[in-house]
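Worksheet: one structure, shown below.
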Amino acid sequence: MNLKELLNKEQYEAVVTTEGPLLILAGAGSGKTRVLTYRIAHLINDLKVYPSQILAITFTNKAAGEMRERVKALVGDEADRMWVSTFHSSCVRILRREIDKLGYEKNFSIYDTSDQKTLIKQCMKELNINEKDIEDKEIIKKISRQKDNLISPEQFKTDNEKNYRMNKIADVYLLYQKKLKSNNALDFDDLIYKTVELFRKNPDVLEFYRRKFEYILVDEYQDTNKSQYEFSRILAESHKNICVVGDDDQCIYEFRGADIRNILDFEKDYPEAKVVKLEQNYRSVGNILDAANSVISNNTDRKSKVLRTDSEAGEKVKVYRAFSDIDEGNFVANQIKRMVEEGYSNSDFAVLYRTNAQSRIFEECFVRQSIPYKLVGGLGFYDRKEIKDILAYLRLIVNFHDDISLLRIINVPKRSIGNSTIDKMQEFANSIDDCLYNVILDIENVPGIARRSITSISKFAELINSLKAKKDMMSVSELLQAILDETGYVEELKNSNEIEYQSRSENIEQLISAAVEFENSSEDKSAEAFLETVALVAAVDSMDEKSGNVVLMTFHSAKGLEFPVVFMVGMENGLFPSSLAFNNDKEMEESRRLCYVGITRARKKLFMTSAEVRRVYGRTVGYEESEFLNEIPKELKEHLNGIGKSYNSYSGGQIESKRVTYNMNNEYNNTNSIKKTNYNNSIIVADLIKNDDVKSEVKNEVKSEVKKLTNSEATIGRKIKHAKFGIGTIISINKDGRDIKLTIAFDNMGIKTFLLGLAPLELL
DNA sequence: TACGCCCCAGTTTTT
DNA sequence: CTGGGGCGTA
């Protein structure tokens with residue numbers, strides 16, 4: 001490899017400095033992934049380091065997979081023997097081999113946030129802590145923070161001896177850890193915490209991994225917390241071959257314990273550290289980069305660094321002040337349609353917002369305009385009730401100490417095992433300090449259980465035992481199928497209403513497919529391994545750039561990604577930055593970094609939109625434009641309407657030609673333009689864009705006019721076909737203004753709502 | 001024991 | 001407005 005030719009001077013420096021601590025300050029889009037992959041390839045190809053001696057930590061599994069592929073392209077399949085994964089996955093991998101040394105069993109469960117909440121509530125109940133005195137949310141947050149900072153329950157208790165309230169929280173922390181252990185379970189924070197504990201308590205184990213991982217790389221170092229910092233520090237302590245890459249301007253996870261000091265103080269921790277700055281940006285056009293630089297320059301606590309680019313200035317940042325949140329959605333949809341006509345493809349676009357709740361309006365607008373999109377994040381697939389239920393069975397089969405999973409499914413489907421019975425069993429389990437599963441096995445000897453319940457419980461125990469026996473003889477997908485068959489889960493679903501049954505059983509099928517896919521693509525095909533990947537997936541992991549969809553996601557999820565065209569929406573004080581951040585300098589700075597992350601995702605075009613009026617929990621609110629917009633100098637911005645420009649300069653010049661030739665819903669129908677002239681420009685433009693909108697829908701309609709669904713044909717139970725979502729059944733009909741609102745259950749796309757007049761529906 | 005109704009709280013952001 | 005949780009009734 002001729003590295004000098006492939007890399008710029010700083011990148012080259014970063015690649016060939018392989019020995020000793022190295023801090024790479026990599027600005028957004030400065031070719032950091034390139035540097036990391038060449039660095040690894042250089043280690044393997046030129047310095048003959050064994051791939052198995054390399055540990056590379058990335059932020060998401062997706063990033064890990066991509067990095068492995070890129071290294072593979074340079075060094076071949078032996079790259080498979082490197083460890084490239086997230087902190088969490090690496091730690092799980094280590095713990096699966098070593099955790100018995102901490103008194104856990106190797107088949108431990110991983111508890112997600114909702115399991116965690118259940119267990120915390122159990123602890124609070126046992127300690128007689130009233131939800132009204134201390135909220136579970138606060139306790140969860142505090143405990144999580146202690147773990148991030150490697151503070152043990154005992155330590156936390158002594159540190160807060162004088163503080164009654166904190167002392168209570170410490171008691172919960174103590175009990176919570178005790179229960180986790182007896183459930184043979186770890187929460188997310190434990191994965192890191194326990195690995196560090198393992199290293200600290202077992203010098204021989206530590207020594208083994210120190211020798212194994214001769215070269216350590218950590219990406220997104222600015223977002224590491226104390227425990228992650230300690231994990232990498234302790235492993236690198238003897239050889240000090242630690243290379244960390246990060247950008248203090250992109251630290252956006254302080255709220256979950258990330259400590260920006262880890263990057264700011266790297267040189268203090270390693271006085272001999274070499275520092276390389278990558279300031280040449282290869283991603284964004286000049287105007288976008290300048291906008292990003294000017295926004296972030298308002299932050300105080302940062303390493304000085306200015307991104308530069310050789311690329312042209314490009315287009316200015318496009319600012320649009322919408323009339324309403326709906327108008328904002330339509331604006332984005334229209335712009336996308338327009339650009340697609342110009343030759344862009346749907347996967348070139350990303351819509352980024354602050355909170356997941358904001359996605360809904362964009363989804364609705366995109367559906368109406370038939371723009372294919374992919375939602376990243378939000379309510380995840382694995383958060384669905386039916387999926388959690390089925391996985392709870394699997395977890396219990398794998399780890400019978402897991403009371404949380406047992407409690408979740410002991411009466412799902414209904415087996416006539418009620419709360420009072422469960423309470424008695426739990427009390428008994430506590431008294432003999434054993435898990436519920438063992439209590440159930442010996443239910444005859446539990447005092448106070450009704451005869452009838454004993455029968456049901458024995459049947460349940462038999463069921464679990466029969467499934468347990470199958471675990472090692474079947475693949476995960478077969479095992480899941482066996483769970484479904486033997487529990488009668490799907491049978492019970494049939495008793496719920498049709499729609500629910502449809503969508504839930506569909507999801508279950510998807511789970512089976514996911515298991516099959518897992519079996520085909522992964523080395524370790526055990527149920528344990530499947531549960532692990534399921535527990536540690538991030539929202540973006542499922543994102544596929546080649547799918548041809550517009551992506552919708554939060555700014556946080558967009559970290560590390562790039563798109564030709566980015567829409568930053570909801571740029572309003574109160575939303576972004578959120579009202580909670582306003583009186584807090586630290587949070588204000590974190591928000592600003594988040595804004596910086598958003599801007600720097602864009603390569604060619606950047607839109608920043610806001611709305612005069614929007615609905616937030618059913619209430620209508622009005623927010624002004626975000627401060628962050630004001631931090632971008634005028635000469636870098638172009639207003640598409642409102643301030644300083646009339647709508648005439650707006651590109652859609654032919655708008656006035658066809659007005660209201662369509663059966664619009666009354667919101668827009670009754671307003672005439674004369675009345676509207678009295679208001680400001682933005683409203684007029686908003687209105688015109690609406691019409692533009694309608695025009696494009698009229699166009700759509702012409703295409704499919706032959707079979708377009710009519711009012712009389714729209715009846716409950718009718719099968720229809722939607723241009724984008726395929727075949728579905730009408731499940732409800734409501735009058736909505738002048739139009740009719742249809743709720744449709746699609747065979748493959750779940751349940752959606754449409755306006756009959758607007759949706760591209762045809763009779764089947 | 002199971003279901004249904006009512007009330008309230010929630011929006012940061014996620015492994 | 002929505003979903004979850006708690007409580008009361010059949």
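Protein chains get the first letters and strands the later ones, always in sequence-line order, with residue 1 at the start of each.
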Which is more 5' along DNA chain B, the nucleotide nearest Arg415(A) or the one nearest Ala581(A)? Just name the residue.
Arg415(A)
Would you kindly give the CZ-to-C1' distance between Phe87(A) and dT14(B), to the nearest whole Å?
15 Å
Could you tell me whether Arg593(A) and Glu254(A) make a salt bridge, using a distance below 4.0 angstrom between a side-chain N and a carboxylate O?
yes
Checking all strands, does Asn411(A) fall into the base, sugar-phosphate, or nothing category for heavy-atom contacts under 4.0 angstrom?
sugar-phosphate
Rounded to whole Å, how long is the line connecting atom CZ of Phe555(A) with atom P of dT11(B)?
19 Å
Taken to the nearest whole Å, OH/Tyr253(A) to C1'/dT14(B) is 5 Å
For dT15(B) and Ser89(A) - does any side-chain N or O of the residue sit under 4.0 Å from the phosphate oxygens OP1/OP2?
no
For a quick check of understanding: with a heavy-atom distance under 4.0 Å over all strands, which category does Glu590(A) fall into, base, sugar-phosphate or nothing?
nothing
Please report the distance, rounded to the nearest Å, between CG in Leu594(A) and P in dT13(B).
11 Å
Quiz question: by atom type and distance under 3.5 Å, do the side chains of Ser456(A) and Ser416(A) form a donor-acceptor pair?
no
How close do Leu536(A) and Asn61(A) get, heavy atom to heavy atom, and via which atoms?
O-ND2, 3.0 Å
Between Lys141(A) (NZ) and dG10(B) (P), how many Å, whole number?
13 Å
For a quick check under 3.5 Å, do Ser89(A) and Thr86(A) share a side-chain donor-acceptor pair by atom type?
yes
Residue His88(A), side-chain heavy atoms: nucleotide from dT11(B), dT14(B), dT15(B) that is nearest
dT15(B)
Rounding to a whole Å, what distance do you find between Phe255(A):CZ and dT14(B):P?
7 Å
Over all strands shown, is Ser591(A) touching base, sugar-phosphate only, or nothing at heavy-atom distances under 4.0 angstrom?
nothing
So Asp112(A), base contact, sugar-phosphate only, or nothing? Heavy-atom distance under 4.0 Å.
nothing
Using a heavy-atom cut-off of under 4.0 Å over every strand shown, decide if Thr421(A) touches base, sugar-phosphate, or nothing.
sugar-phosphate
Should the pair Glu220(A)-Lys559(A) be classified as a salt bridge under the 4.0 Å nitrogen-to-oxygen rule?
yes
Could you check whether Ser420(A) gets within reach of a base, just the sugar-phosphate, or nothing at all, counting any heavy atom under 4.0 Å?
sugar-phosphate
Between dT11(B), dG5(C), dT15(B), which one does the side chain of Thr355(A) approach most closely?
dT11(B)
Sorted by position of nearest nucleotide on DNA chain B, 5' first, the leading residue of Lys414(A) and Phe188(A) is Lys414(A)
Which is true for Lys117(A) with a 4.0 Å heavy-atom rule: it touches a base, it touches only sugar-phosphate, or it touches nothing?
nothing
Classify the nucleic acid contact of Thr554(A) as base, sugar-phosphate or nothing, counting any heavy atom under 4.0 Å across all strands shown.
sugar-phosphate
Which of these nucleotides, dG5(C), dC3(B), dT1(B), is closest to any side-chain atom of Ser453(A)?
dT1(B)
note: Ile457(A), atom CD1; dT1(B), atom C1'; distance rounded to Å ~ 13 Å
Please pick, from dG10(B), dT13(B), dT1(B), the nucleotide with the shortest atom-to-atom distance to any side-chain atom of Arg452(A).
dT1(B)
How long is the line joining CG of Asp136(A) and P of dG4(C), in whole Å?
15 Å
Distance between the C1' atoms of dG6(C) and dT11(B), in whole angstroms?
23 Å
Salt bridge Lys194(A)-Glu197(A), side-chain N to carboxylate O under 4.0 Å
yes
